[in-house]
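Written out below as structure tokens is the structure these notes cover.
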Amino acid sequence: MENIGILDAGVIALLGYAVVFFGIILLMIVVMIMGKIFVAMAAKKKPAVTAAPAAPAPEAPKATAPGAAGELKLHDVEPKTAAMLMAIVADKLGKPLNELRFISIKDVK
Amino acid sequence: MINIGEILLDLWNNSGFSAIFAGFKAGGWQNLVMIAISCVLLYLAIVKKFEPLLLAGIAFGCLLSNLPPVPGAAAMYNQGLWDSYINGTAYQVLDAAGEVIKTIEEVHFTDIIHYGGLLDIFYIGVKAGLYPCLIFMGVGAMTDFGPLLSNPKSLLLGAAAQMGVFVAFFGAVALNLLNGLIPGVTFGFTGPEAASIGIIGGADGPTAIFLTSKLAPHLLGAIAVAAYSYMALIPLIQPPFMKLLTTAEQRKIKMVQTREVSKAEKIIFPIVVTIFVALLLPDTAPLIGCLMLGNLFKETGVTDRLSDTVQNALMNIVTILLSTSVGATMVGSNFLTVQTFTIVLLGVVAFVISTCGGLLGGLVMCKLTKGKVNPLIGSAGVSAVPMAARVANKEGQKANPSNFLLMHAMGPNVAGVIGSAIAAGFLLSVFG
């Protein structure tokens with residue numbers, strides 16, 4: 001297949017683009033199925049964990065961040081890190097920090 | 001009595017300066033032009049910071065291989081040796097006086113190690129497909145496939161953005177229609193050459209080098225320079241087309257946070273992709289296999305040392321070897337042609353059309369999801385990780401400062417790597 005005509009090139013181009021889509025769609029289906037299985041497994045695990053203790057004590061409300069004027073809750077985040085994040089967000093938005101309302105900051109692992 | 005004049009004349013005759021003047025008309029001027037080009041590329045790499053890690057090495061390799069060979073001295077890069085290897089023709093080994101001392105009927109890698117220069121030995125790694133695969137391993141170890149796993153539909157944008165690969169391929173073949181317009185000038189390309197040019201649109205340097213070294217090694221220098229230069233220019237090339245194809249309202253769309261991906265899912269993903277893609281397109285197996293092996297090192301949590309080595313030490317070493325040896329292929333007689341100019345032109349066309357393809361895919365997804373997908377993330381479907389995703393994020397923030405598209409754009413961005421590898425695998429299976 002050294003020297004090919006324009007018609008052949010057109011067919012190869014269309015076929016190639018279709019093959020890329022075909023491969024990617026199949027991969028997408030595999031990833032979607034994988035994701036569904038993992039989400040279902042995670043959902044199954046959660047009730048099992050909460051159902052284990054006979055009479056679980058009511059969870060204490062999450063303490064607000066020290067010095068916070070509002071209801072900001074920190075989940076596995078150091079107050080210093082939270083302050084830095086809030087400052088970055090305020091800077092990126094171009095708005096004063098006291099005009100923004102942060103509800104919670106969570107460390108996504 | 002010592003004849004000082006004779007000694008000085010000998011010194012002059014044995015110098016590279018003399019070789020430049022002696023062979024000026026016989027192609028020596030091309031070497032001088034290439035030395036100037038390598039200086040421009042060094043300027044772009046060092047001052048303008050255009051992909052400096054690669055471009056500096058490419059430019060220096062070009063500089064070294066264009067220093068005119070002095071009779072009797074070992075050249076760092078022997079174009080003739082590689083021409084014989086690629087074309088399967090005999091190679092004549094000459095002595096200092098220009099006499100043939102040996103004829104090699106069929107050149108093998110062992111002959112190249114024996115008779116070649118330093119850059120020839122480096123180049124074996126390119127020709128054997130070693131360096132692009134090792135670079136891919138490093139890329140895999142640095143890539144987080146989490147955004148793609150949490151939103152698998154973004155894979156489609158990685159496929160849509162391969163449009164430029166095939167349009168440029170078609171364009172390169174179609175240029176054959178212009179042959180005959182200017183006597184003595186060939187415009188068009190053969191199928192394998194066109195495939196190598198088209199892959200520039202994948203915006204993936206290692207894939208472009210891998211495919212070109214297999215299909216059209218004589219075009220490697222031009223294609224590598226075009227691919228890496230345009231990747232560096234993504235922040236300039238993409239935004240005008242992003243604005244042209246999307247409305248201000250569409251660019252403002254905020255996307256919701258996707259689900260959290262578990263560690264187990266991230267570990268299984270590279271294994272599944274390797275099995276799946278290698279079975280679908282076996283020609284892609286070296287690239288995808290190394291990409292996913294690197295990613296597996298990163299995600300397992302028990303191979304941190306390997307992941308660290310692949311991401312840093314190995315990646316850096318291979319980058320040096322790859323860039324200098326690719327630059328060495330930019331020998332004046334090969335590079336200063338109409339073909340190179342055409343490749344540079346087709347390369348930018350491929351990039352633009354790939355960007356537009358991704359954006360059109362993004363627009364379709366935006367319509368289908370009733371405005372939940374910001375079409376800008378489609379432009380990140382061209383690989384160029386993470387530059388293309390950053391550009392999508394920046395343009396999104398220009399339209400709406402509270403818009404954070406980076407993680408959403410990373411999905412199509414890493415999907416683009418897989419998409420361009422599949423495209424390369426297809427072209428390799430057709431023309432390889």
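Below, chains carry the letters A, B, ... as their sequence lines are ordered, and counting in each starts from 1. Because only heavy atoms are used, hydrogens play no part in the values below, and waters and symmetry mates are left out as well, while side chains stay in. Fair warning: this is a prediction, and the values are worked out from it, not measured in the lab.
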By a 4.5 Å heavy-atom criterion (distance strictly below it), what part of B/Leu215 contacts chain A: side chain, backbone, both, or neither?
neither
In terms of heavy-atom proximity below 4.5 Å to chain A, should B/Lys263 be classed as side chain, backbone, both, or neither?
neither
Could you check whether any side-chain heavy atom of B/Phe276 comes within less than 4.5 Å of a side-chain heavy atom of A/Leu27, counting everything from C-beta outward?
yes
Given that the side chain runs from C-beta out, which part of B/Ala264 has a heavy atom under 4.5 Å from chain A: side chain, backbone, both or neither?
both
Using non-hydrogen atoms and a 4.5 Å limit, figure out which bit of A/Val30 sits close to chain B: side chain, backbone, both or neither.
side chain
Where does B/Phe269 contact chain A at under 4.5 Å (heavy atoms): side chain, backbone, both or neither?
both
Does any backbone or side-chain atom of A/Val39 lie under 4.5 Å from a heavy atom of chain B? Answer side chain, backbone, both or neither.
side chain
Which bit of B/Ser402 is near chain A, if near means a heavy-atom gap under 4.5 Å: side chain, backbone, both or neither?
both
Are any of the side-chain heavy atoms of B/Phe166 and A/Ile12 separated by less than 4.5 Å?
no
Can you tell which part of A/Leu15 gets under 4.5 Å to a heavy atom of chain B, answering side chain, backbone, both or neither?
both
Would you say the side chain of B/Leu280 lies within less than 4.5 Å of the side chain of A/Phe22, judging by non-hydrogen atoms?
yes
Is A/Leu14 close to chain B through its backbone or its side chain, or both, or neither, when contacts mean heavy atoms under 4.5 Å?
neither
Any side-chain heavy-atom pair from B/Leu149 and A/Val31 closer than 4.5 angstrom?
yes
